[in-house]
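Okay, so here's the structure we're looking at.
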Amino acid sequence: MIRKYVDVICLNDKGGNIKPLYLIWEDERRIPIRKIKEICPRASLKVGGSGLRYTCVFDPNRIRHLYYDRGKWYVEMNDHVV
Amino acid sequence: MKKTILHCDLNCFFASAEMLYHPEYRNVPMAVAGDPEKRHGIILAKNVPAKQRGVRTAETIAAARKKCPELVVLRPDYESYEYFSQKVRSLYYEYTDRVEPFGTDECWLDISGSLSYFGSWENIVSSLLKRVKEEIGLTLSIGVSFNKIYAKLGSDLAPEDSYCRIDSLDDIRRLPASKLLFVGDHAGTVLESHGILTIGDLAAYPRDYLRQILGKQGDTLYEYANGIGHDEVSVFGAQDSPSKSVSCCHTAVRDLRNEDDVRIVLTMLCDSVAARLCQQGLYFRTIHLFVRDRKLKVRTMQVTLKENSDLAKDICSNALSLFRKHCDFSIPYRSIGVAVSSLSFGKDPFQTSLFGESGYSLKQKKEEDALRTIRRRFGEKAVFSLRALEDSGLSGIGSGVNGR
(Lines give C-alpha, C1' and ligand atoms only; values in the text may rest on other atoms or scores of the structure.)
Protein backbone atom coordinates (compact mmCIF):
# COMPACT_ATOMS: atom_id res chain seq x y z
CA MET A 1 0.00 0.00 0.00
CA ILE A 2 1.17 3.54 -0.69
CA ARG A 3 0.00 7.05 0.13
CA LYS A 4 -1.22 8.76 -3.03
CA TYR A 5 -1.77 12.50 -2.91
CA VAL A 6 -4.73 13.68 -4.99
CA ASP A 7 -6.42 16.93 -6.07
CA VAL A 8 -9.83 17.49 -4.49
CA ILE A 9 -12.58 20.03 -5.18
CA CYS A 10 -14.12 21.08 -1.87
CA LEU A 11 -16.87 23.22 -0.46
CA ASN A 12 -15.75 25.51 2.34
CA ASP A 13 -18.96 26.31 4.15
CA LYS A 14 -19.87 29.34 6.28
CA GLY A 15 -19.09 27.39 9.42
CA GLY A 16 -15.50 26.83 8.33
CA ASN A 17 -16.08 23.15 7.51
CA ILE A 18 -14.48 21.53 4.50
CA LYS A 19 -16.55 19.09 2.46
CA PRO A 20 -14.84 17.26 -0.40
CA LEU A 21 -17.09 17.14 -3.48
CA TYR A 22 -14.97 15.70 -6.28
CA LEU A 23 -11.74 13.80 -6.36
CA ILE A 24 -9.65 14.51 -9.46
CA TRP A 25 -7.82 11.43 -10.64
CA GLU A 26 -4.53 11.53 -12.54
CA ASP A 27 -6.29 11.11 -15.91
CA GLU A 28 -8.17 14.38 -15.14
CA ARG A 29 -11.42 12.51 -14.42
CA ARG A 30 -13.64 14.19 -11.83
CA ILE A 31 -14.99 11.49 -9.55
CA PRO A 32 -18.02 12.71 -7.55
CA ILE A 33 -18.18 11.92 -3.85
CA ARG A 34 -21.78 10.84 -3.33
CA LYS A 35 -21.81 10.83 0.45
CA ILE A 36 -19.51 11.30 3.42
CA LYS A 37 -20.28 8.67 6.03
CA GLU A 38 -17.87 9.74 8.76
CA ILE A 39 -15.23 12.33 9.57
CA CYS A 40 -12.80 11.56 12.37
CA PRO A 41 -9.16 12.21 13.28
CA ARG A 42 -7.19 9.09 12.35
CA ALA A 43 -3.70 7.92 11.54
CA SER A 44 -3.30 5.73 8.52
CA LEU A 45 -1.38 2.74 9.78
CA LYS A 46 -1.28 1.16 6.32
CA VAL A 47 0.44 3.94 4.40
CA GLY A 48 1.54 6.34 7.13
CA GLY A 49 0.37 9.87 7.85
CA SER A 50 -2.33 11.22 10.11
CA GLY A 51 -5.07 13.80 9.87
CA LEU A 52 -8.82 13.96 9.34
CA ARG A 53 -10.19 10.81 7.76
CA TYR A 54 -13.24 11.21 5.53
CA THR A 55 -15.05 7.96 4.84
CA CYS A 56 -16.44 8.66 1.36
CA VAL A 57 -18.97 6.80 -0.73
CA PHE A 58 -18.27 6.84 -4.48
CA ASP A 59 -20.53 5.47 -7.22
CA PRO A 60 -21.38 2.62 -7.42
CA ASN A 61 -21.47 2.20 -3.64
CA ARG A 62 -17.73 1.95 -3.16
CA ILE A 63 -16.25 3.21 0.07
CA ARG A 64 -12.79 4.76 0.28
CA HIS A 65 -10.97 6.70 2.96
CA LEU A 66 -9.80 10.16 1.99
CA TYR A 67 -7.31 11.77 4.38
CA TYR A 68 -6.86 15.52 4.90
CA ASP A 69 -3.45 16.17 6.40
CA ARG A 70 -2.02 19.68 6.82
CA GLY A 71 -3.65 21.09 3.67
CA LYS A 72 -3.11 18.01 1.47
CA TRP A 73 -5.44 15.15 0.52
CA TYR A 74 -4.41 11.56 0.03
CA VAL A 75 -5.87 8.08 -0.43
CA GLU A 76 -4.50 4.65 0.43
CA MET A 77 -3.65 2.64 -2.67
CA ASN A 78 -2.25 -0.74 -3.55
CA ASP A 79 1.23 -0.44 -5.09
CA HIS A 80 0.31 -2.45 -8.18
CA VAL A 81 -2.56 -0.10 -9.09
CA VAL A 82 -0.17 2.83 -9.56
CA MET B 1 -6.15 13.95 49.69
CA LYS B 2 -3.59 12.49 47.32
CA LYS B 3 -3.68 13.72 43.75
CA THR B 4 -3.67 11.59 40.61
CA ILE B 5 -0.99 12.78 38.24
CA LEU B 6 -0.06 11.29 34.89
CA HIS B 7 3.22 11.73 33.09
CA CYS B 8 2.72 11.11 29.39
CA ASP B 9 5.82 10.51 27.31
CA LEU B 10 5.65 10.04 23.53
CA ASN B 11 7.83 7.01 22.67
CA CYS B 12 10.93 7.81 20.54
CA PHE B 13 9.03 10.94 19.49
CA PHE B 14 11.16 12.31 16.63
CA ALA B 15 11.75 8.83 15.19
CA SER B 16 8.06 7.88 15.54
CA ALA B 17 6.96 11.09 13.81
CA GLU B 18 9.30 10.27 10.91
CA MET B 19 8.06 6.67 10.72
CA LEU B 20 4.50 7.91 10.57
CA TYR B 21 5.16 9.32 7.10
CA HIS B 22 7.80 6.76 6.13
CA PRO B 23 6.42 3.37 7.19
CA GLU B 24 9.28 1.77 5.24
CA TYR B 25 11.58 2.71 8.15
CA ARG B 26 9.53 0.86 10.76
CA ASN B 27 11.52 -2.34 10.50
CA VAL B 28 14.98 -1.00 9.68
CA PRO B 29 17.37 0.75 12.09
CA MET B 30 16.66 4.47 11.77
CA ALA B 31 17.70 7.53 13.74
CA VAL B 32 17.05 11.26 13.62
CA ALA B 33 20.27 13.26 13.98
CA GLY B 34 21.49 16.84 13.65
CA ASP B 35 23.60 18.20 10.80
CA PRO B 36 27.24 17.02 11.07
CA GLU B 37 28.41 19.99 8.93
CA LYS B 38 27.10 22.34 11.59
CA ARG B 39 28.70 20.04 14.18
CA HIS B 40 25.28 19.06 15.51
CA GLY B 41 25.76 15.49 14.33
CA ILE B 42 24.45 13.62 17.34
CA ILE B 43 21.61 11.11 17.56
CA LEU B 44 18.45 12.85 18.76
CA ALA B 45 16.11 9.85 18.62
CA LYS B 46 16.15 6.31 17.31
CA ASN B 47 13.58 3.62 16.57
CA VAL B 48 13.36 0.19 18.22
CA PRO B 49 15.49 -1.74 15.65
CA ALA B 50 18.25 0.88 16.07
CA LYS B 51 17.96 0.63 19.85
CA GLN B 52 18.31 -3.15 19.63
CA ARG B 53 21.54 -2.64 17.67
CA GLY B 54 22.95 -0.56 20.52
CA VAL B 55 22.44 2.94 19.04
CA ARG B 56 22.13 5.43 21.87
CA THR B 57 20.67 8.92 22.07
CA ALA B 58 23.26 11.73 22.25
CA GLU B 59 26.10 9.73 20.70
CA THR B 60 27.71 10.90 17.45
CA ILE B 61 26.51 9.61 14.09
CA ALA B 62 29.97 8.09 13.51
CA ALA B 63 29.81 6.14 16.80
CA ALA B 64 26.29 4.93 15.97
CA ARG B 65 27.35 3.84 12.46
CA LYS B 66 30.22 1.82 13.94
CA LYS B 67 27.67 -0.30 15.80
CA CYS B 68 25.12 -0.31 13.02
CA PRO B 69 26.57 0.45 9.54
CA GLU B 70 23.18 0.24 7.76
CA LEU B 71 21.63 2.85 10.08
CA VAL B 72 19.33 5.22 8.15
CA VAL B 73 19.94 8.77 9.41
CA LEU B 74 17.29 11.46 8.85
CA ARG B 75 17.53 15.20 9.49
CA PRO B 76 15.10 16.55 12.09
CA ASP B 77 11.92 18.28 10.90
CA TYR B 78 11.16 20.44 13.93
CA GLU B 79 8.10 22.03 12.34
CA SER B 80 6.48 18.63 12.00
CA TYR B 81 7.42 17.62 15.56
CA GLU B 82 5.92 20.83 16.93
CA TYR B 83 2.72 20.14 14.95
CA PHE B 84 2.37 16.67 16.48
CA SER B 85 3.30 17.92 19.92
CA GLN B 86 0.48 20.50 19.77
CA LYS B 87 -1.94 17.91 18.42
CA VAL B 88 -1.24 15.51 21.28
CA ARG B 89 -1.43 18.33 23.80
CA SER B 90 -4.84 19.44 22.53
CA LEU B 91 -5.99 15.86 23.05
CA TYR B 92 -4.77 15.98 26.67
CA TYR B 93 -6.86 19.11 27.21
CA GLU B 94 -9.97 17.02 26.54
CA TYR B 95 -9.29 15.26 29.85
CA THR B 96 -8.06 18.06 32.09
CA ASP B 97 -7.14 21.74 32.01
CA ARG B 98 -4.06 21.02 34.13
CA VAL B 99 -1.45 20.13 31.53
CA GLU B 100 2.16 21.07 32.09
CA PRO B 101 4.56 20.47 29.19
CA PHE B 102 8.05 19.17 29.94
CA GLY B 103 9.83 19.46 26.61
CA THR B 104 8.11 18.77 23.29
CA ASP B 105 7.22 15.17 23.95
CA GLU B 106 6.39 14.99 27.64
CA CYS B 107 3.56 16.40 29.74
CA TRP B 108 2.23 16.12 33.25
CA LEU B 109 -1.54 15.91 33.58
CA ASP B 110 -3.33 16.41 36.90
CA ILE B 111 -6.53 14.38 36.45
CA SER B 112 -7.67 14.51 40.12
CA GLY B 113 -10.60 16.77 39.20
CA SER B 114 -11.66 14.71 36.18
CA LEU B 115 -11.89 11.31 37.89
CA SER B 116 -15.58 11.56 38.76
CA TYR B 117 -16.46 12.55 35.19
CA PHE B 118 -14.45 9.78 33.51
CA GLY B 119 -15.03 7.15 36.20
CA SER B 120 -11.46 6.21 37.09
CA TRP B 121 -7.84 6.89 36.20
CA GLU B 122 -7.77 3.56 34.37
CA ASN B 123 -10.46 4.81 31.98
CA ILE B 124 -8.51 8.00 31.28
CA VAL B 125 -5.21 6.17 30.78
CA SER B 126 -6.65 3.53 28.45
CA SER B 127 -8.58 6.16 26.48
CA LEU B 128 -5.43 8.29 26.10
CA LEU B 129 -3.33 5.34 24.95
CA LYS B 130 -5.99 4.29 22.43
CA ARG B 131 -6.74 7.75 21.04
CA VAL B 132 -3.13 8.88 20.64
CA LYS B 133 -2.37 5.67 18.77
CA GLU B 134 -5.48 5.62 16.57
CA GLU B 135 -5.98 9.33 15.92
CA ILE B 136 -2.41 10.55 15.71
CA GLY B 137 -0.44 7.40 15.02
CA LEU B 138 2.04 7.76 17.89
CA THR B 139 2.40 5.75 21.09
CA LEU B 140 2.66 6.83 24.71
CA SER B 141 4.19 5.55 27.92
CA ILE B 142 2.22 6.79 30.90
CA GLY B 143 3.33 7.00 34.52
CA VAL B 144 0.58 7.24 37.17
CA SER B 145 1.27 8.47 40.68
CA PHE B 146 0.43 11.07 43.31
CA ASN B 147 3.22 13.48 42.42
CA LYS B 148 5.11 14.59 39.34
CA ILE B 149 8.44 12.94 40.16
CA TYR B 150 7.02 9.45 40.76
CA ALA B 151 4.77 9.84 37.69
CA LYS B 152 7.82 10.69 35.57
CA LEU B 153 9.64 7.65 36.94
CA GLY B 154 6.55 5.56 36.13
CA SER B 155 6.57 6.61 32.49
CA ASP B 156 10.29 5.75 32.27
CA LEU B 157 9.51 2.27 33.60
CA ALA B 158 6.38 1.72 31.51
CA PRO B 159 6.74 -0.26 28.29
CA GLU B 160 5.85 1.34 24.97
CA ASP B 161 2.08 1.95 24.54
CA SER B 162 1.42 1.07 28.18
CA TYR B 163 1.42 2.48 31.71
CA CYS B 164 3.04 1.95 35.10
CA ARG B 165 1.57 2.99 38.41
CA ILE B 166 3.68 3.93 41.42
CA ASP B 167 1.74 4.10 44.68
CA SER B 168 4.48 4.51 47.23
CA LEU B 169 8.21 4.49 47.84
CA ASP B 170 8.04 0.71 48.35
CA ASP B 171 7.33 0.26 44.62
CA ILE B 172 10.61 1.89 43.61
CA ARG B 173 12.85 1.34 46.63
CA ARG B 174 15.20 -1.05 44.85
CA LEU B 175 15.64 0.95 41.66
CA PRO B 176 19.05 2.57 41.05
CA ALA B 177 19.24 6.17 42.32
CA SER B 178 20.28 7.26 38.81
CA LYS B 179 16.73 6.54 37.57
CA LEU B 180 15.46 9.53 39.55
CA LEU B 181 14.86 12.81 37.72
CA PHE B 182 17.91 15.11 37.69
CA VAL B 183 20.35 12.51 39.01
CA GLY B 184 23.00 12.94 36.32
CA ASP B 185 26.51 11.57 35.96
CA HIS B 186 28.01 13.87 38.58
CA ALA B 187 25.33 13.43 41.26
CA GLY B 188 25.26 9.68 40.52
CA THR B 189 29.02 9.37 41.11
CA VAL B 190 28.89 11.40 44.33
CA LEU B 191 25.98 9.31 45.66
CA GLU B 192 27.74 6.09 44.72
CA SER B 193 30.94 7.16 46.48
CA HIS B 194 28.86 7.56 49.65
CA GLY B 195 27.30 4.14 49.28
CA ILE B 196 23.92 5.47 48.12
CA LEU B 197 23.00 3.12 45.32
CA THR B 198 19.22 2.85 45.27
CA ILE B 199 16.27 5.22 45.59
CA GLY B 200 15.54 3.50 48.91
CA ASP B 201 19.06 4.41 50.16
CA LEU B 202 18.54 8.00 49.03
CA ALA B 203 15.19 8.23 50.82
CA ALA B 204 16.62 6.76 54.04
CA TYR B 205 19.54 9.19 54.35
CA PRO B 206 18.97 12.34 56.42
CA ARG B 207 18.26 15.47 54.42
CA ASP B 208 21.13 17.34 56.10
CA TYR B 209 23.62 14.70 55.07
CA LEU B 210 22.50 14.84 51.44
CA ARG B 211 22.73 18.64 51.53
CA GLN B 212 26.26 18.32 52.84
CA ILE B 213 27.43 16.11 49.99
CA LEU B 214 25.40 17.56 47.12
CA GLY B 215 24.60 21.09 48.23
CA LYS B 216 21.19 22.48 47.30
CA GLN B 217 20.53 19.53 45.00
CA GLY B 218 20.72 17.21 48.03
CA ASP B 219 17.54 18.82 49.41
CA THR B 220 15.76 18.38 46.11
CA LEU B 221 16.79 14.75 45.71
CA TYR B 222 15.67 13.97 49.27
CA GLU B 223 12.20 15.29 48.42
CA TYR B 224 12.16 13.49 45.07
CA ALA B 225 13.11 10.13 46.61
CA ASN B 226 10.56 10.42 49.42
CA GLY B 227 7.76 11.63 47.17
CA ILE B 228 7.40 14.89 49.08
CA GLY B 229 5.63 17.81 47.36
CA HIS B 230 6.01 18.46 43.61
CA ASP B 231 2.34 17.77 42.96
CA GLU B 232 1.30 21.13 41.46
CA VAL B 233 0.61 20.93 37.74
CA SER B 234 0.21 24.28 35.95
CA VAL B 235 -3.25 25.23 34.77
CA PHE B 236 -3.91 25.70 31.06
CA GLY B 237 -3.68 29.36 30.10
CA ALA B 238 -2.13 30.38 33.43
CA GLN B 239 0.70 32.86 33.23
CA ASP B 240 4.09 31.28 33.13
CA SER B 241 6.09 31.64 36.31
CA PRO B 242 8.67 34.43 36.05
CA SER B 243 12.00 33.42 34.52
CA LYS B 244 14.82 32.57 36.90
CA SER B 245 17.50 32.85 34.27
CA VAL B 246 17.92 33.67 30.60
CA SER B 247 20.53 31.81 28.61
CA CYS B 248 21.84 31.23 25.13
CA CYS B 249 24.32 28.60 23.95
CA HIS B 250 25.95 27.96 20.59
CA THR B 251 28.04 25.19 19.07
CA ALA B 252 30.40 26.93 16.66
CA VAL B 253 30.82 25.73 13.05
CA ARG B 254 34.53 25.32 13.80
CA ASP B 255 36.62 25.19 16.97
CA LEU B 256 37.29 28.48 18.74
CA ARG B 257 41.07 28.84 18.79
CA ASN B 258 41.72 32.38 20.00
CA GLU B 259 40.15 35.27 21.85
CA ASP B 260 38.87 36.91 18.67
CA ASP B 261 36.84 33.78 17.85
CA VAL B 262 35.41 33.73 21.36
CA ARG B 263 34.61 37.43 21.18
CA ILE B 264 32.69 37.02 17.90
CA VAL B 265 30.48 34.24 19.30
CA LEU B 266 30.06 35.94 22.68
CA THR B 267 28.88 39.18 21.06
CA MET B 268 26.16 37.29 19.23
CA LEU B 269 25.09 35.34 22.34
CA CYS B 270 25.05 38.39 24.60
CA ASP B 271 22.94 40.37 22.10
CA SER B 272 20.43 37.52 22.09
CA VAL B 273 20.31 37.24 25.90
CA ALA B 274 19.94 41.03 26.33
CA ALA B 275 17.15 41.15 23.73
CA ARG B 276 15.19 38.50 25.62
CA LEU B 277 15.78 40.28 28.93
CA CYS B 278 14.52 43.49 27.38
CA GLN B 279 11.39 41.74 26.03
CA GLN B 280 10.46 40.62 29.54
CA GLY B 281 11.56 43.87 31.19
CA LEU B 282 14.15 42.06 33.32
CA TYR B 283 17.48 43.14 34.83
CA PHE B 284 20.20 40.72 35.89
CA ARG B 285 22.94 40.69 38.47
CA THR B 286 24.81 37.42 37.89
CA ILE B 287 26.52 36.34 34.68
CA HIS B 288 27.35 32.70 33.98
CA LEU B 289 29.74 31.53 31.31
CA PHE B 290 29.76 27.98 30.04
CA VAL B 291 32.44 26.51 27.75
CA ARG B 292 32.82 23.03 26.28
CA ASP B 293 36.15 22.07 24.75
CA ARG B 294 36.63 19.71 21.84
CA LYS B 295 37.10 16.82 24.27
CA LEU B 296 33.56 17.66 25.47
CA LYS B 297 34.78 18.70 28.90
CA VAL B 298 32.52 21.40 30.32
CA ARG B 299 33.49 24.31 32.56
CA THR B 300 31.14 26.83 34.09
CA MET B 301 32.02 30.05 35.87
CA GLN B 302 30.08 33.02 37.16
CA VAL B 303 30.40 36.56 38.42
CA THR B 304 27.96 38.78 40.29
CA LEU B 305 27.85 42.50 39.55
CA LYS B 306 27.52 45.22 42.15
CA GLU B 307 24.39 46.60 40.54
CA ASN B 308 21.63 45.47 38.20
CA SER B 309 21.99 45.80 34.46
CA ASP B 310 20.22 44.78 31.27
CA LEU B 311 23.00 45.71 28.85
CA ALA B 312 24.48 43.32 26.31
CA LYS B 313 27.77 45.15 26.71
CA ASP B 314 27.91 44.38 30.44
CA ILE B 315 27.18 40.70 29.82
CA CYS B 316 29.79 40.52 27.08
CA SER B 317 32.61 42.33 28.89
CA ASN B 318 32.11 40.33 32.09
CA ALA B 319 31.81 37.02 30.25
CA LEU B 320 35.01 37.81 28.40
CA SER B 321 36.80 38.70 31.66
CA LEU B 322 35.66 35.37 33.11
CA PHE B 323 36.96 33.61 30.05
CA ARG B 324 40.36 35.36 30.23
CA LYS B 325 40.65 34.59 33.93
CA HIS B 326 39.71 30.90 33.86
CA CYS B 327 40.34 29.54 30.37
CA ASP B 328 43.22 29.09 27.99
CA PHE B 329 43.45 27.69 24.49
CA SER B 330 45.46 24.55 25.22
CA ILE B 331 42.38 22.68 23.99
CA PRO B 332 40.20 24.59 21.48
CA TYR B 333 36.57 25.20 22.38
CA ARG B 334 33.62 23.66 20.65
CA SER B 335 30.68 25.46 22.20
CA ILE B 336 30.08 28.39 24.45
CA GLY B 337 27.07 29.64 26.39
CA VAL B 338 26.06 32.67 28.41
CA ALA B 339 23.35 32.89 31.06
CA VAL B 340 22.20 35.64 33.39
CA SER B 341 20.41 35.12 36.69
CA SER B 342 19.44 36.94 39.93
CA LEU B 343 16.77 38.57 37.81
CA SER B 344 14.51 41.39 38.88
CA PHE B 345 11.90 43.46 37.11
CA GLY B 346 12.98 46.83 35.78
CA LYS B 347 10.24 48.51 37.77
CA ASP B 348 11.55 47.07 41.05
CA PRO B 349 13.78 49.46 42.99
CA PHE B 350 17.43 48.48 43.12
CA GLN B 351 20.45 49.86 44.89
CA THR B 352 22.59 52.25 42.87
CA SER B 353 25.99 53.57 43.89
CA LEU B 354 26.03 56.58 46.23
CA PHE B 355 29.10 58.20 44.69
CA GLY B 356 27.97 57.94 41.12
CA GLU B 357 30.61 55.48 39.90
CA SER B 358 27.75 53.51 38.40
CA GLY B 359 28.74 51.27 35.53
CA TYR B 360 25.27 51.49 34.01
CA SER B 361 25.36 53.70 30.94
CA LEU B 362 22.10 55.23 29.71
CA LYS B 363 23.84 56.10 26.46
CA GLN B 364 24.71 52.46 25.93
CA LYS B 365 21.13 51.48 26.78
CA LYS B 366 19.77 53.84 24.10
CA GLU B 367 22.23 52.47 21.57
CA GLU B 368 21.24 48.85 22.27
CA ASP B 369 17.52 49.71 22.18
CA ALA B 370 18.02 51.35 18.79
CA LEU B 371 19.80 48.25 17.45
CA ARG B 372 17.00 46.02 18.70
CA THR B 373 14.37 48.22 17.06
CA ILE B 374 16.19 47.95 13.73
CA ARG B 375 16.46 44.16 14.09
CA ARG B 376 12.78 43.85 15.01
CA ARG B 377 11.71 45.84 11.96
CA PHE B 378 14.18 44.66 9.33
CA GLY B 379 15.36 41.25 10.54
CA GLU B 380 18.13 39.86 12.73
CA LYS B 381 20.83 40.38 10.11
CA ALA B 382 19.90 43.99 9.33
CA VAL B 383 22.56 45.33 11.68
CA PHE B 384 25.57 43.69 13.29
CA SER B 385 28.94 44.54 14.73
CA LEU B 386 31.92 44.87 12.41
CA ARG B 387 33.60 42.14 14.40
CA ALA B 388 31.00 39.70 13.05
CA LEU B 389 32.30 40.35 9.54
CA GLU B 390 35.77 39.12 10.48
CA ASP B 391 34.40 35.58 10.27
CA SER B 392 30.90 35.55 8.89
CA GLY B 393 30.70 31.75 9.14
CA LEU B 394 31.40 31.83 12.85
CA SER B 395 29.00 34.67 13.53
CA GLY B 396 26.31 33.08 11.35
CA ILE B 397 25.67 36.18 9.24
CA GLY B 398 27.34 34.82 6.10
CA SER B 399 24.39 34.50 3.72
CA GLY B 400 22.72 37.69 4.92
CA VAL B 401 25.76 39.84 4.18
CA ASN B 402 26.21 38.52 0.69
CA GLY B 403 22.55 38.90 -0.02
CA ARG B 404 22.50 42.60 0.82
Side-chain angles (χ1 to χ4, degrees), chain A residues 1-8 10-21 23-26 33 35-58 62-82, chain B residues 8 10-28 30-32 45 47-49 72 74-95 104-105 126-141 160-161:
Chain A
M1 294 283 270
I2 59 153
R3 187 169 61 243
K4 181 166 177 59
Y5 287 95
V6 288
D7 293 338
V8 172
C10 303
L11 172 77
N12 275 51
D13 70 16
K14 292 190 285 286
N17 303 306
I18 301 176
K19 185 184 174 192
L21 302 175
L23 187 151
I24 302 180
W25 203 237
E26 50 197 0
I33 296 166
K35 190 180 170 189
I36 295 165
K37 289 187 79 173
E38 187 192 25
I39 306 170
C40 60
R42 271 293 177 279
S44 166
L45 298 178
K46 290 180 193 162
V47 299
S50 88
L52 274 182
R53 188 182 74 182
Y54 290 70
T55 307
C56 303
V57 182
F58 294 90
R62 294 175 75 175
I63 294 175
R64 287 283 181 279
H65 290 142
L66 183 59
Y67 287 85
Y68 182 66
D69 183 4
R70 284 183 271 178
K72 292 201 263 186
W73 295 92
Y74 66 85
V75 288
E76 296 163 325
M77 273 196 64
N78 286 322
D79 311 25
H80 62 268
V81 177
V82 179
Chain B
C8 299
L10 287 163
N11 301 128
C12 340
F13 178 42
F14 291 181
S16 300
E18 292 297 340
M19 286 191 294
L20 196 54
Y21 285 87
H22 301 281
E24 64 273 21
Y25 296 142
R26 278 181 196 155
N27 299 316
V28 295
M30 184 274 283
V32 177
N47 66 359
V48 174
V72 177
L74 303 178
R75 291 278 164 272
D77 176 3
Y78 291 110
E79 208 175 297
S80 174
Y81 308 150
E82 189 54 37
Y83 168 79
F84 283 111
S85 175
Q86 291 299 333
K87 224 172 152 183
V88 174
R89 240 172 253 172
S90 59
L91 206 141
Y92 295 155
Y93 285 126
E94 292 183 27
Y95 296 86
T104 48
D105 58 338
S126 57
S127 168
L128 272 173
L129 290 170
K130 185 169 180 276
R131 288 188 64 194
V132 170
K133 191 173 180 180
E134 283 185 355
E135 295 181 16
I136 302 172
L138 302 171
T139 55
L140 283 175
S141 290
E160 190 175 320
D161 196 21

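In the text below, chain A, chain B and the rest are named by the order of the sequence lines, each starting its count at 1.
Taking the centre and axis of the six-membered ring of B/Tyr21, the NZ or CZ atom of A/Arg3 falls outside the cone set by 45° and 6.0 Å.
Your options are A/Ala43, A/Ser44, A/Gly51, and the one with the most heavy-atom pairs under 4.5 Å with chain B is A/Ala43.
Contact check for B/Ser80 versus A/Arg70: side-chain heavy atoms found under the 4.5 Å cut-off.
Around CZ of A/Arg62, the count of heavy atoms belonging to other residues, nucleotides or ligands within 6.0 Å does not exceed 12. When the shell of 6.0 Å around CG of B/Asp77 is examined, it contains more than 12 heavy atoms from other residues, nucleotides or ligands. Within 6.0 Å of CD in B/Glu79 there are 12 or fewer heavy atoms belonging to other residues, nucleotides or ligands.
For the atom pair A/Arg42 CZ and B/Arg131 CZ, the distance stands at 9.0 Å (nearest 0.5 Å). Here CG of A/Leu45 is found 8.0 Å from CD of B/Glu134. Values are rounded to the nearest 0.5 Å. From B/Lys87, atom NZ reaches atom OG of A/Ser50 across 3.5 Å, with rounding to the nearest 0.5 Å.
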